[in-house]
Number of protein chains: 2
Amino acid sequence: MATIDDVARTAGVSTSTVSYVLSGKRPISAPTRARVERAIEKLGYRPHAGARALASARTNVIALMAPLRVGVSVPVIMQFVAGVVTRARDFDHDVLLLTQDDVSGLDRVTGGSMVDALVMMDIEADDPRVPLVAAAKQPTVLIGLPQDPEGLSCVDLDFEAAGRLAVRHLAHAGHTDVALIGSPPEVLRRHTSYAERMMRGLRDQARSSGVTVKVEACDSSPAGAATAVDALLSTAPDTTGIVVHNEGALPHVLARLAERGLVVGSDMSVVAVCPRDVALSQRIPMTSIDLPAEDIGKVAVDMVMARLEGEQPSETRLLAPVLTERDSSAPGPAADVG
Amino acid sequence: MATIDDVARTAGVSTSTVSYVLSGKRPISAPTRARVERAIEKLGYRPHAGARALASARTNVIALMAPLRVGVSVPVIMQFVAGVVTRARDFDHDVLLLTQDDVSGLDRVTGGSMVDALVMMDIEADDPRVPLVAAAKQPTVLIGLPQDPEGLSCVDLDFEAAGRLAVRHLAHAGHTDVALIGSPPEVLRRHTSYAERMMRGLRDQARSSGVTVKVEACDSSPAGAATAVDALLSTAPDTTGIVVHNEGALPHVLARLAERGLVVGSDMSVVAVCPRDVALSQRIPMTSIDLPAEDIGKVAVDMVMARLEGEQPSETRLLAPVLTERDSSAPGPAADVG
DNA sequence: CTAGCGTGTTGAACCGCTTCGACGATCCGG
DNA sequence: CCGGATCGTCGAAGCGGTTCAACACGCTAG
């Protein structure tokens, strides 16, 4: 491998000049720059990342901690990851992938100066990782909202607003008895904040719209979905509007409703909270509130980079939910006929 | 951040001694080791990754190039990734995540000495990345089989054997007209090798088992699945056994069969080629050939590490397929009644 | 008693790059 | 014609480790 000294020698300049050509931190005359660039080209020179990190205290790598296991919906994770990786490249950074359960990884990458910054997904209310990264010298942004952000930046969909939006949509359409089919019980038990925020928004809006709202936890399996649907239909038989906030369970919920003889889009209105493509790949195109996972990932990177550059203070950004009406929702019993 | 010199000073030894305590490459007496370890503990010392990489020419990072976009099934990708990341940790390595389309990333991480080795997923027959990594100084293992491995290591499920196994299973059960519902047309068009190997196995075994086999490409959408099922049922109405090698389409294929009044598990036998959990989360538990994505990821890391250590030659390993009988397959028309 | 050995430790060179202070050259205004 | 900017380039000092040759020490064997 050619080194910067090789380049300097074949270009007939000093190594610092080569360095300045590369970084642009000092003006270099056009002819000199050209000579250096030609040498780089000729030798196929690539700066050594380690040497660079050592000398500059910058690695151009960010860490992304993602839940590679069960629980959260896999396509959503992938979209976050894709968003983070592609946006990181726009900032000339690469991504080091850590798994959620590898808590010691935080220390490793942080203390070992392996990364310039961190992005962490799937934050829980009382997440043990939060104090760790809060103490790190690298800026961090959380995807999700912990109880106490401790000066860290956060991004997420505004699930509370999403809950309100969903109920408002259904109420406007004339539904008076609505329900949430939500996250698996274990997710709720962990006090994952998005689930709780969603429920809060739902209930708030239900109160002010004067509709009832029943909440069912729901395992993502076919059986879990069936159980939830059955439970709902027996304890709240007047339900005509359902918000499904569980992509994994969504197809099975729809299947169960069908089995029970309910036609989604006329007998029963369903609003899904999930990524666009999931909404579109169901048996019928779903009315849905988009979960813009890829965008959130990108915003996370934007925020972390901003903190890396200037001295932006930490902030938390909640993205406004957008509801797109498709074929799974229809007017309800209380709709003005006309 | 404490440096190795700080540790040496507070332990009252030289820096090289600290280094040897850390690496174990020279014997250190128990008392000295203890003093050093106490100092490390006390200062919260972490070796600087960049400095280490510079001095030792080892980064303890491997690159993983994964298709973060459409095409291949998302859960499968996640499982590969999970396997690679967790196994890499066993070797004290971290994972740098590259996207499939970022071909220049290969050069970057390779030439910049950012990683010790590479793992690449979703290899196509005539993959442009193969010559690039073949020229790199880092060992690489491919998940999938290119036309010409050029001395690179490869791992994959033995799809040809899987094809044979699936047909053999159906033929044994008395099916005489079988079909494949396979990858989306664009995947086939790219000559993705697993799809072609699967078809080859299928056809071989069909010939020797004396059954007919019809092949349908299949888009992963509900509509695509419906189209494929309809086409199959009209051009080969006698089909009683289907192999589905497309996890995304699987639920929709099953849905379409149901809509057409066919009961999977009696009227129609279906063998899925997909990860276990996908097979189990369909409307009924599917007879399936497991796609052990996580294992493959782990094996990939094992292989790449072996090459990093000793001077193992490159090899290609094809994992033997395992068929698990569940509820979606049943005896066919030619079965011995008894 | 000494030559020779193994064990444990050390000093110093080096890995490849960034960056700071300095310096020569060119250009300006006075 | 001179003093002071401005511009472009350079030399050298780190950055924080690893590793090699060398050495001090206590042993054993001769």
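Letters A, B, ... are given to chains in the order of the sequence lines, protein chains preceding strands, and every chain is numbered from 1. Being a predicted model, the structure only gives us computed values, none of them experimental.
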Do [X] and [Y] sit within salt-bridge range, that is, some charged N less than 4.0 Å from a carboxylate O?
X        : Y        : value
B:Asp94  : A:Arg108 : yes
A:Lys298 : A:Asp295 : no
B:Asp290 : B:Arg276 : no
B:Arg190 : B:Asp126 : no

Do you know the tightest heavy-atom contact between [X] and [Y]?
X        : Y        : value
B:Ile123 : B:Thr192 : O-CG2, 4.3 Å
A:Arg129 : A:Asp122 : NH2-O, 3.4 Å
B:Arg33  : B:Val21  : CG-CG1, 4.0 Å

I need the [atom1]-[atom2] distance between [X] and [N], as an integer number of Å.
X       : N      : atom1 : atom2 : value
B:Arg9  : D:dG17 : CZ    : P     : 12 Å
B:His48 : C:dC15 : NE2   : P     : 19 Å
A:Arg58 : C:dT19 : CZ    : C1'   : 15 Å
A:Asn60 : C:dC17 : CG    : C1'   : 13 Å

Notebook entry, point to check: Quick one: does NZ or CZ of B:Arg197 land under 6.0 Å from the six-membered ring centre of B:Phe159, within 45 degrees of the ring axis?
Noted result: no

Next item on the list: Would you classify A:Arg46 as touching base, sugar-phosphate or nothing, given that sugar-phosphate means primed atoms plus P, OP1 and OP2, and contacts are heavy atoms under 4.0 Å?
Entry: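 A:Arg46: backbone/sugar contact only, no base atoms under 4.0 Å.
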
Margin query: Given 3.5 Å as the limit, does a donor-acceptor pair link the side chain of A:Gln79 with the main chain of A:Pro275, or not?
Written below: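 Flag not set: sc A:Gln79 to bb A:Pro275 has no pair under 3.5 Å.
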
Note to self: Do B:Met114 and B:Thr59 make a side-chain contact, defined as non-hydrogen atoms from C-beta onward lying under 4.5 Å apart?
What the structure shows: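 Answer no - side chains too far apart.
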
Notebook entry, point to check: So, is A:Thr3 close to the C:dG16 phosphate, meaning a side-chain N or O under 4.0 Å from OP1 or OP2?
Noted result: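 So the side chain of A:Thr3 is outside the cut-off, no N or O lying under 4.0 Å from OP1 or OP2 of C:dG16.
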
Check: Got a sec? Which of residues 30-38 of chain B come in under 4.0 Å of DNA chain C, heavy atoms?
Finding: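 Within this stretch, B:Thr32 sit under 4.0 Å of the strand.
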
Note to self: If you take any heavy atom closer than 4.0 Å to DNA chain C, which residues from residues 110-117 of chain A end up in contact?
What the structure shows: none

Notebook entry, point to check: Does B:Gly12 or B:Leu54 map to a spot on DNA chain C nearer the 5' end, using the closest nucleotide for each?
Noted result: B:Gly12

Next item on the list: Determine whether more than 12 heavy atoms belonging to other residues, nucleotides or ligands lie under 6.0 Å from atom CZ of B:Arg89.
Entry: yes

Item checked: Summary of protein contacts for nucleotides 18-26 of chain D, nucleotide by nucleotide, where a base hit scores B, a sugar-phosphate-only hit scores S (4.0 Å, heavy atoms) -> SBBBB----

